[in-house]
Amino acid sequence: MSDASKSNALRADLRADKRKRRRARADMRFKWYGLTALGLAMLFLVFFFVDIISKGLPAFQQAEILVQVSYSESVKSNYNRAVDKRYRKLISRSWLRTIPMQLEEHPDMIGTTAEQWVLADYRVDQFLKGHEGHKLKKKYQKLVRQLQEEGKVRLAFNSGFFSNGDSKLPENAGILASAVGSVLVLLLTMLFAVPVGVMTAIYLEEFAPDNRFTQLIEVNINNLAAIPSILYGLLGLAIFINFMGVPRSSALAGGLTLALMTLPIIIIATRAALRAVPESIREAAYGLGASSLQTVWHHVLPLAMPGILTGSIIGLAQAMGETAPLLIVGMMAYIPEAPHSILAATTVLPAQVYTWSGESIRAFEERTAAGIMVLLAVLLSLNALAIRLRNRSEQTW
Amino acid sequence: MTASTVFLWFFGGLIPLAAMAFWLARGKALGEAAAGKRLHSLPSFHGWYAVVWLAVPAIGSAVLFSLLHLLHIVDVPGPMLLATAFALGSAGLWLALRHIHAGFRARQAVEKVMRGMLFIAATISVLTTIGIVLSVIFESVRFFQVISFWDFITGTKWQPDTAFLIGAGRDTEGVAPPLFGSVPIFAGTFMITAIAMAVAVPVGLFAAIYMSEYASHSARNKLKPMLEILAGIPTVVYGFFAAITISPLIVQIAHAFGLEAAYTNALAPGLIMGVMIIPFVSSLSDDVIKAVPQSLRDGSLALGTTKAETIRHIVLPAAMPGIVSAFLLAISRAIGETMIVVMAAGLRPNLTMNPLEGMTTVTVKIVEALTGDQEFDSAFTLAAFALGLVLLIITLILNIVSTVVVRKFKQRYE
Amino acid sequence: MATDMKNKLTIRGLKLWYGDFEALHGIDLDILAGKVTAFIGPSGCGKSTFLRCLNRMNDRIAGCRVEGDVLLEGNDIYAPDVDVVQLRTHIGMVFQKPNPFPKSIYENIAYAPRIHGMVQDGPDMDELVETALRKASIWDEVKDKLQQPGTALSGGQQQRLCIARTIAVQPDVILMDEPCSALDPIATAKIEELMDELKQEYTIVIVTHNMQQAARASDYTAYFYLGDLIEYGETSQIFTAPSNQRTEDYITGRFG
Ligand SMILES: Nc1ncnc2c1ncn2[C@@H]1O[C@H](COP(=O)(O)OP(=O)(O)O)[C@@H](O)[C@H]1O
Ligand SMILES: [Mg+2]
């Protein structure tokens, strides 16, 4: 073979031929598998959020009706008399029920009449929003249409959703009680889990001798992180409630249970943060004659703080979305009022979502979705905060 | 006096007392220093020393009394508890103040206590495990005194309806005995787990491969948080979505193909659980794929292989132990997942291979047994603990195996 | 210099950037067929970078940009229609740290030929594996343990396994980036011996830190400094009468 033809053969070989094209295609295909996988995940997210938001958004508006209310003396004994019989079935009983109490408090109102916007019955609400299964009778449908033409029906911002507790009447059900419950439970959780978790991590990273017991603790923490959350519920039920006598359904029972569940998350994150602090800093502090606790307290902990904070926020977010162990310790009770003590029966946001999702009245569905929107908004903000913090702290080293 | 007011009084009193103790002891130490003596420890350490001597007896006695109270051994009235605690605390403080002099090694003493506290904190995690193990074992033992272990493990019928009669000590003659055969329940669990893994493993693995091998740095930084959103969605929300949106969709689709599907079919919770586990699989796989040394990829590419060939033949086999361990952890996640199945799967145990039929799982049965208004002592509620025990054993085995596998893998590349 | 056809590789005006950092400032160099060419120079001067340009391993690095021509027997390897993957079957590479795959010794060799469809599994493959191992003078040491993992060999054996793996693809050029820097003197001597044999069939380019190695094993030597090619010529000439003062300083160990 001459040199020239050899070079031509090489030239041809370097160009794509059929076999090479096939391999290149296989290469592309592999890349596409990855893209497809990510695309599927993304598609799911879009579908999921669109679905939840389209279901939940209507719940942020609630139907109201403009009616003539007469606060006569007789209303005190029978609140039904406050409004014209024709409209009574259109109006929420949850509102009518409050009239006698209002009159007790403001006796000067007795004998007056007023035209005011009042909360409508959930069937009216669902009918106005065009939801199937609204169950509003034909004759009332006509009445509502007529009122609508007169401008006496409206969809207004649903402030009750944020200011009410749970209720058997969908139009009156809100998330206040469960939100307060969540705050209470999480406060207890963090109050217990963060100090204990950080202290455990400090002990293991900075002080623990390398012996059997330390190894046991380490293996144990890894296992704890993998134990299904529902088993923590069994622990809470058996130890806290049945053995120690903490009241069932109380924020204390829920908070302690969640704290044990959150503990491994915080320990693992804190240990990673402590380990990331360069050894040279410890040596520098020891070199100046600082004791080991002073070294940790003055130098290592401040540097590890962003990592510890990130871990705590992630743990908090986990605990906030957790439901299963709380069901087991009884936190799915019907709670119309915000709890006033850590020993009183309490519910939390995700448990509220769970109980609403089991209601047979269809009008609860949009409220469930709205509750989910609130929950997700808080959780995603928490996670975003944690990611921000983590990226910031990664940049410093 | 309710428990919470005692609580309030206790801490309301302790904190000012502690501040006072700190101030007194520090003052005394400063006085010594002013008298021209050289202090061994900083004045604040003397302060902390006094605080410790105040708080440890006070808190210790309070905890002791509360425990006695909770266990119904002695009924201690609130005021008495408070009085005793504060008296003991003051005695401690008095002792501590007497110790303080210039040469006193307050720092060593305080640090010793702090180390002790750190150690106690570290033991809490061990106590938690012991607590979980003991609580499921105790109740399970009570369950197995009534129901034979063998019947529980091998029985194919779960009909606990008459269990409350046994619990109530009633005559059970003439009624069908309750049956606690857990096979159909575990079958349901494994079916739903299998569906979840069929979704999570390919999607999670390929997503991880794409992110670690193909995506640019910036694309990766955008994609990762997106997947993390999936992990941040609470399971109760997934459960709602599965039950309200996916299940009816599956029923409709099945109907279009002329198939019958139940609203509590196993497919809906399985699919959604799979989605939930995707980020778990992908981030664990991502870690191990990144741990495969770059030099192996270079070596392969320098032989004229394509990227896909390098990944398939070199990177993935090298990362396989890590991937397997991620897989095992994902299974244990799926088996223990509760809310999705509670909301979207059925209640009726059903031994079938058809994912369109309704079936139930271990976790559903646990929740069902413990959230009803059954007596806590009935075999029906105790069965929940027996199921929990099996669940615990399975997850622990999966976790330990995966830890061992991944440790082997890490050793190889260190 | 020699005519074009005796050049295996012809490099003209090669510049390279890592992001904003210009690592190579326009290199012109001819690498002759069937010879061993050594690159020397202080560390960080761009030897590895330049070497990796020759089979486009730098393509993998994000933000890396190349300008200028690299011709393999007159064919521009950076031309848009060139298949990088195919190019690397013509120009193989051996790395600083031995990097056998975590597979058996046999599979380490058979992997690439199988993927390139060179031979089918079976006796043909066995023969190919044996030939490659023989050429890399490691056959006698491993013939009884072909199924054992390649990672279980000693460092020097691993490096020869990597060379065998590269030979099995039957390349024209073998690039070696400090192949002996992680090895002991005996293993190094074996590899040098091996290079001497291999140059009958292959064009070899080697980066080395070791002056004696360059002097002993190479025919031509190129001296790099801060991203520039300072001097290039026959090894004997470079080592006895360098024309550039810096080269002389480096070779005689006055700096670097
Ligand atoms: N991947 C990279 N990204 C950015 N800069 C690099 C990269 N690789 C090498 N460099 C820089 O390019 C220069 C040449 O490096 P290199 O080719 O490895 O030198 P040598 O092999 O001669 O020691 C050095 O300054 C090095 O810091
Ligand atoms: Mg180099």
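Protein chains get the first letters and strands the later ones, always in sequence-line order, with residue 1 at the start of each. Side chains are part of it too, since the values below use all heavy atoms of this structure and drop only hydrogens, waters and symmetry mates.
Looking at B:Ile311, the atoms closer than 4.5 Å to chain A (heavy atoms on both sides) all sit in the side chain, from C-beta outward. Within the 4.5 angstrom heavy-atom criterion, atoms from both the backbone and the side chain of B:Ser125 approach chain A. Contacts between B:Glu228 and chain A at a heavy-atom distance below 4.5 Å involve the side chain alone, from C-beta outward. For a residue to count as touching a neighbouring chain, one of its non-hydrogen atoms must lie under 4.5 Å from one of that chain's; by this rule B:Arg107 touches chain A with the side chain only. B:Val342 touches chain A through its side chain: at least one heavy atom from C-beta onward sits under 4.5 Å away, while N, CA, C and O do not. Heavy atoms closer than 4.5 Å to chain A are found in both the backbone and the side chain of B:Val237.
Using a 30° and 60° split on the angle between ring planes, B:Tyr238 and A:Phe48 fall in the tilted class, from 30° to 60°.
B:Thr306 places no side-chain N or O within 3.5 Å of a backbone atom of A:Ala24 that could act as its donor or acceptor partner.
Ring to ring, A:Phe30 and B:Phe206 are close: their centroids are under 6.0 angstrom apart. Taking the ring centroids of A:Phe213 and B:Phe119, they lie under the 6.0 Å cut-off.
If you tally non-hydrogen atom pairs under 4.5 Å between each of A:Ile227, A:Val329, A:Leu40 and chain B, the highest count goes to A:Ile227.
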(message) Please evaluate residues A:Phe44 and B:Phe241 with respect to the criterion ring-ring contact (aromatic ring centres under 6.0 Å, His included), reporting the C-alpha separation (whole Å), side-chain torsions for both, the decisive distance (0.1 Å), and the verdict.
(response) CA-CA 11 Å; A:Phe44 173 86; B:Phe241 185 68; 5.6 Å; yes
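Under the 3.5 Å distance criterion, with hydrogens and angles disregarded, a donor-acceptor pair is assigned to the side chains of A:Ser292 and B:Arg115.
B:Ile366 is listed as a side-chain neighbour of A:Leu234, based on a closest heavy-atom distance under 4.5 Å.
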